[in-house]
Amino acid sequence: MSAVSRHAVSVSGRPEAPPMLFVHGFGCDQHMWRYVAPAFEASHRVVLMDLMGAGGSDLSGYDEQRYSTLEGYADDITQVVRDLDLRDAVLVGHSVSAMLVAMTQLAEPERVSALVMVAPSPRYVDEPGYTGGFAEDDIDELLDSLASNYLGWSSAMAPAIMGNADRPELGAELTESFCRMDPEVARRFANATFRSDHREMLPRVEAPTLVLQCSNDVIAPVAVGEYVAEQLPAGSLVMLEATGHCPNLSAPDATTQAITTFVSSLDTVTT
């Protein structure tokens with residue numbers, strides 16, 4: 001089975017136009033881009049995919065060892081880029097997928113021309129000189145809770161991750177999305193995510209990169225977004241008028257506008 005089929009890839013927009021690939025975060029699927037991605041169909045070839053274990057992906061291709069680290073997921077994105085023969089592509093990654101698309105850019109620099117990182121974090125655990133947002137004990141507790149009662153964990157964590165308590169329907173949607181994942185797949189993906197450290201990778205990502213940051217993000221605080229933008233050779237930080245960790249759902253207009261401005265600036269540099 002091809003990567004395109006395995007990851008339920010959908011393609012829309014202008015076939016001859018520059019491609020944009022949108023990749024969702026943990027516990028989500030391509031449906032989470034429904035308020036953002038269509039805005040680019042008039043100017044781009046828009047590509048959406050489901051990471052292994054999410055949405056319409058084919059779980060028969062799941063391999064416990066391959067997906068014990070984030071590199072396995074990044075390899076899938078890279079394979080989709082190759083199978084579709086994407087060139088001069090902008091990759092948009094939300095949350096953990098911000099690091100995944102960076103890995104793909106490093107693997108295929110001639111195919112991937114720019115990145116958009118929405119609420120990224122290269123490392124979630126604090127250490128001297130670095131603020132990730134969590135103590136080591138916090139991560140241990142989070143992963144233990146997820147492993148022992150995934151549905152209960154999802155019901156408690158998803159609304160907190162979404163933020164926007166005044167719009168409970170958003171938290172409910174994220175909860176439902178989390179609960180659709182196989183608990184064992186989710187546990188391994190969460191472990192690979194929250195124990196990862198990809199800080200050393202950032203200075204090697206030379207492509208122009210937009211970092212989109214929200215306020216009151218319990219997963220990736222402002223200090224993390226600032227760090228990512230500073231470490232990227234061609235990084236720029238935009239603070240969205242948005243709260244929580246999922247502005248593609250909670251503030252799609254602001255997210256779309258920031259990406260549009262960034263993509264337009266790339267066109268100016270090219271021409």
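This structure is a prediction, so every number in the text was calculated from the model and none was measured.
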Peer 1: Would Leu142 end up clustered with Met162 when hydrophobic side chains under 4.5 Å apart are linked, directly or stepwise?
Peer 2: yes
Peer 1: Determine whether the aromatic ring centres of residues His31 and His24 are separated by less than 6.0 angstrom.
Peer 2: no
Peer 1: Would you compute the distance between atom CE of Met239 and atom CG of Leu237 and round it to the nearest 0.5 angstrom?
Peer 2: 7.0 Å
Peer 1: Answer with yes or no whether the hydrophobic clustering places Tyr73 together with Val112; edges join I, L, V, M, F, W, Y residues whose side-chain heavy atoms lie under 4.5 Å apart.
Peer 2: yes
Peer 1: Looking at Arg34 and Glu173, is any side-chain nitrogen of the basic one under 4.0 Å from a carboxylate oxygen of the acidic one?
Peer 2: yes
Peer 1: Does the side chain to side chain contact (heavy atoms under 4.5 Å, CB included) test come out yes or no for His94 and Val23, once each step is laid out?
Peer 2: CA-CA 6 Å; His94 172 233; Val23 191; over 6 Å; no
Peer 1: Is it the case that more than 12 heavy atoms not belonging to Glu241 sit under 6.0 Å from its CD atom?
Peer 2: no
Peer 1: Measuring from Gln257:CD to Phe262:CZ, what's the distance to the nearest 0.5 Å?
Peer 2: 14.0 Å
Peer 1: Is the shortest side-chain N to carboxylate O distance from Arg195 to Glu136 below 4.0 Å?
Peer 2: yes
Peer 1: For a quick test of reading the model, state the closest non-hydrogen atom pair linking Ala158 to Gly171 and the distance between them.
Peer 2: CB-O, 4.2 Å
Peer 1: If you apply the rule side-chain hydrogen bond (donor to acceptor under 3.5 Å, both in side chains), what do you find for Glu64 with Ser68, and how did you get there?
Peer 2: CA-CA 6 Å; Glu64 182 176 340; Ser68 65; over 6 Å; no
Peer 1: side-chain hydrogen bond (donor to acceptor under 3.5 Å, both in side chains) with Ser97: which residues, sequence neighbours excluded?
Peer 2: none
Peer 1: Picking from Leu115, Val116, Leu91, what satisfies side chain to side chain contact (heavy atoms under 4.5 Å, CB included) with Thr209?
Peer 2: Leu115
Peer 1: Say you draw a straight line from CG of Asp83 to OG of Ser2; how long is it, rounded to the nearest 0.5 Å?
Peer 2: 6.0 Å
Peer 1: Which of these, Thr78, Asp85, Asp88, sits in a side chain to side chain donor-acceptor pair (under 3.5 Å) with Arg111?
Peer 2: Asp85
Peer 1: What pair of heavy atoms forms the shortest contact from Asp50 to Ala8, and how long is it?
Peer 2: OD2-CB, 3.7 Å
Peer 1: More than 12 heavy atoms of other residues, nucleotides or ligands under 6.0 Å from CD of Glu110: yes or no?
Peer 2: no
Peer 1: Quick check, are the ring centers of Phe189 and Tyr67 under 6.0 angstrom apart?
Peer 2: no
Peer 1: So which pairs with a foot in residues 36-48 pass side-chain hydrogen bond (donor to acceptor under 3.5 Å, both in side chains), sequence neighbours left out?
Peer 2: Ser12-Glu41
Peer 1: Give, for atom OG of Ser95 and atom NE2 of His245, the distance between the pair rounded to the nearest 0.5 Å.
Peer 2: 2.5 Å
Peer 1: Can you tell which of Ser154, Cys179, Cys28, Ser250 makes a side chain to side chain contact (heavy atoms under 4.5 Å, CB included) with Leu174?
Peer 2: Cys28
Peer 1: If you draw a 6.0 Å radius around CD in Glu200, do more than 12 non-hydrogen atoms from other residues or ligands fall strictly inside?
Peer 2: yes
Peer 1: Between Pro122 and Val224, which heavy-atom pair has the shortest distance, and what is it?
Peer 2: CD-CG1, 3.8 Å
Peer 1: For the CG atom of Leu70 and the OG1 atom of Thr193, what is their distance to the nearest 0.5 Å?
Peer 2: 5.0 Å
Peer 1: For Tyr35, look at atom OH and say whether over 12 heavy atoms of other residues, nucleotides or ligands are found less than 6.0 Å away.
Peer 2: no
Peer 1: Between Phe178 and Phe26, is the ring centroid distance below 6.0 Å?
Peer 2: yes
Peer 1: Would you give the length of the straight line joining atom CG of Asp76 to atom OG1 of Thr104, rounded to the nearest 0.5 angstrom?
Peer 2: 9.0 Å
Peer 1: Please test Glu108 against Arg87 for salt bridge (charged side-chain N to carboxylate O under 4.0 Å, His left out), starting from the C-alpha separation and ending with a verdict.
Peer 2: CA-CA 9 Å; Glu108 290 286 354; Arg87 298 183 183 276; over 6 Å; no
Peer 1: For residues Ser57 and Leu51, report the shortest heavy-atom separation together with the two atoms involved.
Peer 2: OG-O, 3.3 Å
Peer 1: Taking only residues at least two apart or on different chains, which pairs with a member in residues 200-240 satisfy ring pair (Phe, Tyr, Trp, His ring centres under 6.0 Å)?
Peer 2: Tyr130-Tyr227
